[in-house]
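These notes concern the structure reproduced below.
Because only heavy atoms are used, hydrogens play no part in the values below, and waters and symmetry mates are left out as well, while side chains stay in.
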There are 2 protein chains.
Amino acid sequence: MTATDPALTALAQGWCALSLLHGRIEAHIERALQTKHGLSVREYSLLNTLSRQHDGEGGHLQMKQVADAVVLSQSATTRLVTRLEDRGLLKRYLCPTDRRGIYTDVSEAGARLLAEARPTNDTALREALDEAAKNPELAPLVRAVESAGTSGEPSHGPDESSDAGAEQVIVPA
Amino acid sequence: MTATDPALTALAQGWCALSLLHGRIEAHIERALQTKHGLSVREYSLLNTLSRQHDGEGGHLQMKQVADAVVLSQSATTRLVTRLEDRGLLKRYLCPTDRRGIYTDVSEAGARLLAEARPTNDTALREALDEAAKNPELAPLVRAVESAGTSGEPSHGPDESSDAGAEQVIVPA
DNA sequence: GCACGTTAAGTGCACCTGCAATCATCTGGA
DNA sequence: TCCAGATGATTGCAGGTGCACTTAACGTGC
């Protein structure tokens with residue numbers, strides 16, 4: 001029964017904590033974004049990711065890359081983009097060089113909504129982290145999250161791209 | 001547009017990384033558990049949590065506590081428990097002192113399946129972490145996860161209970 | 001130029017989830 | 001004792017997600 005490798009069991013502990021922390025934070029932000037702006041966490045995440053690409057350079061993203069960035073299946077990404085497009089928050093247009101690929105780009109309305117929602121998101125995140133920090137099991141992870149953004153780059157770094165190895169990078173252009 | 005508080009933006013970076021890491025790991029483990037044992041990550045997590053309670057003492061959990069432990073709504077928890085009960089992996093019985101509450105407990109078949117699935121889970125977790133560690137943005141979080149289980153307690157510690165403050169503890173009895 | 005395999009996006013379907021409403025039970029007060 | 005408020009579990013319903021499959025387009029070899 002419990003005769004498993006202790007090292008692996010310890011890892012499972014850490015994963016359990018990570019999962020718990022993620023769930024708590026996501027639930028908290030979800031409520032805040034949903035009630036105040038009618039956005040889900042994933043929708044916000046998508047807008048945020050796309051806008052950041054737009055920020056750095058004219059790097060629009062293809063569906064596949066979007067799917068990888070937000071960790072969703074291609075089908076789910078298709079529908080997510082469709083929903084946001086129907087709401088006028090982003091645009092979809094074919095890639096001229098490869099007609100299979102479809103680029104997505106945030107519209108002005110999308111950028112505006114994102115700007116409105118950003119404070120809500122950040123505040124809710126701060127609250128959720130403070131709440132989680134009270135739990136000794138979660139505290140080390142909370143600290144890791146807090147230092148993740150400040151350590152390497154000054155303001156907004158190279159985002160979460162560069163992938164995990166077996167796949168492609170997120171920022172192509 | 002981008003005129004937001006840099007400190008909050010940095011936090012968002014960390015949250016983004018956490019979310020990405022969680023998504024990658026979950027997807028990887030999900031595939032492994034699903035194909036080899038017909039279990040979803042949540043189902044495994046539920047069995048694991050319940051079995052740990054059983055391990056320490058005779059602490060069965062009520063639905064509400066289960067819901068909090070796996071970060072699920074009460075309704076989703078009800079159905080999750082129902083599914084596993086239908087498969088004979090756990091039992092449900094009324095609490096004698098409070099007939100509103102319903103205890104859940106892992107059955108022998110559930111414990112067996114959990115024991116079978118544990119190596120799969122741990123291996124997949126190890127793989128996912130190694131994969132994520134290649135990403136410099138995710139590496140610090142990976143290290144935090146790895147050290148989370150080993151630092152405080154010797155083997156299996158007080159699990160992820162103690163809650164985040166505004167709610168109740170997970171291990172009552 | 002045409003057939004073959006590969007890759008990107010979208011669709012049908014089944015399943016899981018959260019919210020709101022409901023039922024049963026406990027608790028405190030008149 | 002009986003009633004109102006609170007809490008735990010469940011259910012109806014709408015919506016999001018993944019898997020398997022289909023369609024469109026690229027690239028290669030003949």
| query | Just how far, in rounded Å, is C1' of C:dT17 from CG of B:Leu80? | reply | 11 Å
| task | Please identify each residue that fulfils side-chain hydrogen bond (donor to acceptor under 3.5 Å, both in side chains) with A:Glu26, with sequence neighbours left out. | result | none
| task | Identify, with sequence neighbours excluded, every residue that meets side-chain hydrogen bond (donor to acceptor under 3.5 Å, both in side chains) alongside B:Ser107. | result | none
| query | In whole angstrom, what separates A:Gln34's CD from C:dC19's P? | reply | 9 Å
| Protein-nucleotide distance (B:Asp86, atom CG; C:dC16, atom P), rounded to Å | 11 Å
| Pairing residues for B:Arg87 by the salt bridge (Lys or Arg N to Asp or Glu O under 4.0 Å) criterion, not counting sequence neighbours | B:Glu43
| query | Can you check the B:Leu72 CG to C:dG18 C1' distance for me, whole Å? | reply | 9 Å
| note | Double-helix bend of the helix from C:dG1-D:dC30 to C:dA30-D:dT1, axes at both ends from 5 pairs, round to 10°, gives 10°
| note | Across all chains, not counting sequence neighbours, the ring-ring contact (aromatic ring centres under 6.0 Å, His included) partners of A:His22 are B:Trp15, B:His22
| query | Tell me, do B:Asn121 and B:Leu33 make a side-chain contact under 4.5 Å, heavy atoms counted? | reply | yes
| request: Check side-chain hydrogen bond (donor to acceptor under 3.5 Å, both in side chains) between A:Thr78 and all other residues, then give those that pass, not counting sequence neighbours. | output: none
| said: Suppose we screen for side-chain contact (heavy atoms from CB on, under 4.5 Å). Which residues come up paired with A:Ala133, at least two apart in sequence or across chains? | reply: A:Val142
| request: Encode nucleotides 2-12 of chain C as B, S and - characters from 5' to 3', where the letter depends on protein heavy atoms closer than 4.0 Å: B to the base, S only to sugar-phosphate, - to neither. | output: -----BSBBBB
| query | Between which nucleotides of DNA chain D, 5' to 3', does chain B make heavy-atom contacts below 4.0 Å? | reply | D:dT7 to D:dC19
| note | Sorted by chain and residue number, the side-chain hydrogen bond (donor to acceptor under 3.5 Å, both in side chains) partners of A:Gln74 (sequence neighbours excluded) come out as none
| query | Thinking salt bridges, do A:Arg126 and A:Asp130 make one under a 4.0 Å N-O criterion? | reply | yes
| request: Just grab all the salt bridge (Lys or Arg N to Asp or Glu O under 4.0 Å) pairs involving residues 69-82 of chain B, residues at least two apart or on different chains. | output: none
| request: May I ask you to list the residues sharing a hydrophobic cluster with B:Tyr103, side-chain cutoff 4.5 Å, ordered by chain and number? | output: B:Tyr93
| query | B:Arg83 side chain N/O closer than 4.0 Å to the phosphate oxygens (OP1, OP2) of C:dC16? | reply | yes
